[in-house]
Amino acid sequence: MGPLRRGLIAAAFLPGAAWAGACETVRPGWDGTPITAWGEALALFSTPAALFLLAASVTATLLRSAVGALVVCLMWSTLTMIVVSTDPTGLRDASRIEGCTGSPALFIVAVAALCAAMILYTTRKI
């Protein structure tokens with residue numbers, strides 16, 4: 001593999017004209033400031049699905065329903081799978097490179113902590 005071929009392969013993976021519209025597609029109102037992990041977690045928690053699951057989490061916790069907490073945890077895990085699953089279009093990776101989306105790691109850790117707390121709180125003491 002010569003230097004020309006290596007250069008062509010490397011140029012194919014650098015952001016360029018093919019990825020120019022990633023931020024317009026993923027975050028249309030993006031103002032140009034890079035998104036941190038906190039900002040990405042806030043954006044993911046403010047989606048309609050996450051807001052519904054937060055309300056369901058509060059309801060299951062207040063009712064101390066172990067089955068309800070389990071169902072809500074399964075729905076949370078489905079949502080996090082959708083957030084981190086592979087993206088065949090490559091828009092998620094391109095938008096991270098451009099800076100309009102951040103790492104979802106903080107969101108995933110917060111969801112895991114919320115689910116663990118719900119399961120521990122709703123478990124009946126024998």
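Position 1 is the first residue of the sequence, and the numbers go up from there.
Rounded to the nearest 0.5 angstrom, Trp38 CH2 and Ser103 OG are separated by 12.5 Å. With rounding to the nearest 0.5 Å, the separation of CD1 in Ile108 from CE in Met81 is 12.0 Å. The SG atom of Cys23 sits 11.0 Å away from the CG atom of Asp31 when rounded to the nearest 0.5 Å. Annotation: the span from Leu53 atom CG to Trp76 atom CH2 amounts to 5.0 Å, rounded to 0.5 Å. Leu42 contributes atom CG, which lies 9.0 Å from atom OG1 of Thr36 (distance to the nearest 0.5 angstrom). In this structure, OG1 on Thr122 lies 10.5 Å from CG on Leu63, to the nearest 0.5 angstrom.
Listed for the Arg27 side chain is a donor-acceptor partner under 3.5 Å among the backbone atoms of Cys100. Between the side chain of Thr47 and the backbone N or O of Ala43, no donor-acceptor pair lies under 3.5 Å. Not a single donor-acceptor pair under 3.5 Å links the side chain of Arg96 to the backbone N or O of Leu91.
Cluster membership for Leu114 and Met75, using ILVMFWY side-chain heavy atoms within less than 4.5 angstrom, is shared. In the hydrophobic clustering of this structure, Leu70 does not group with Val58; members are Ile, Leu, Val, Met, Phe, Trp, Tyr whose side-chain heavy atoms approach within less than 4.5 Å, directly or through other members. There is a path of hydrophobic side-chain contacts, each under 4.5 Å, that joins Val83 to Val72. When the side chains of ILVMFWY residues are joined at heavy-atom separations under 4.5 Å, either directly or via intervening members, Ile35 and Val26 end up in two distinct hydrophobic clusters. Residues Val109 and Val84 are members of separate hydrophobic clusters, defined by side-chain heavy-atom contacts under 4.5 angstrom among Ile, Leu, Val, Met, Phe, Trp and Tyr.
In this structure, a donor-acceptor pair under 3.5 Å is absent between the side chains of Trp30 and Thr101.
For the residue pair Ala22 and Glu98, the shortest heavy atom distance occurs at CB-OE2, 3.9 Å. Taking each heavy atom of Leu44 and Pro104 in turn, the nearest pair found is CD1-CB, 4.0 Å. Annotation for Ser77 and Leu74: closest pair OG-O, 2.7 Å, computed over non-hydrogen atoms.
Side-chain contact between Tyr121 and Arg64: present, with at least one pair of heavy atoms (C-beta onward) separated by less than 4.5 Å.
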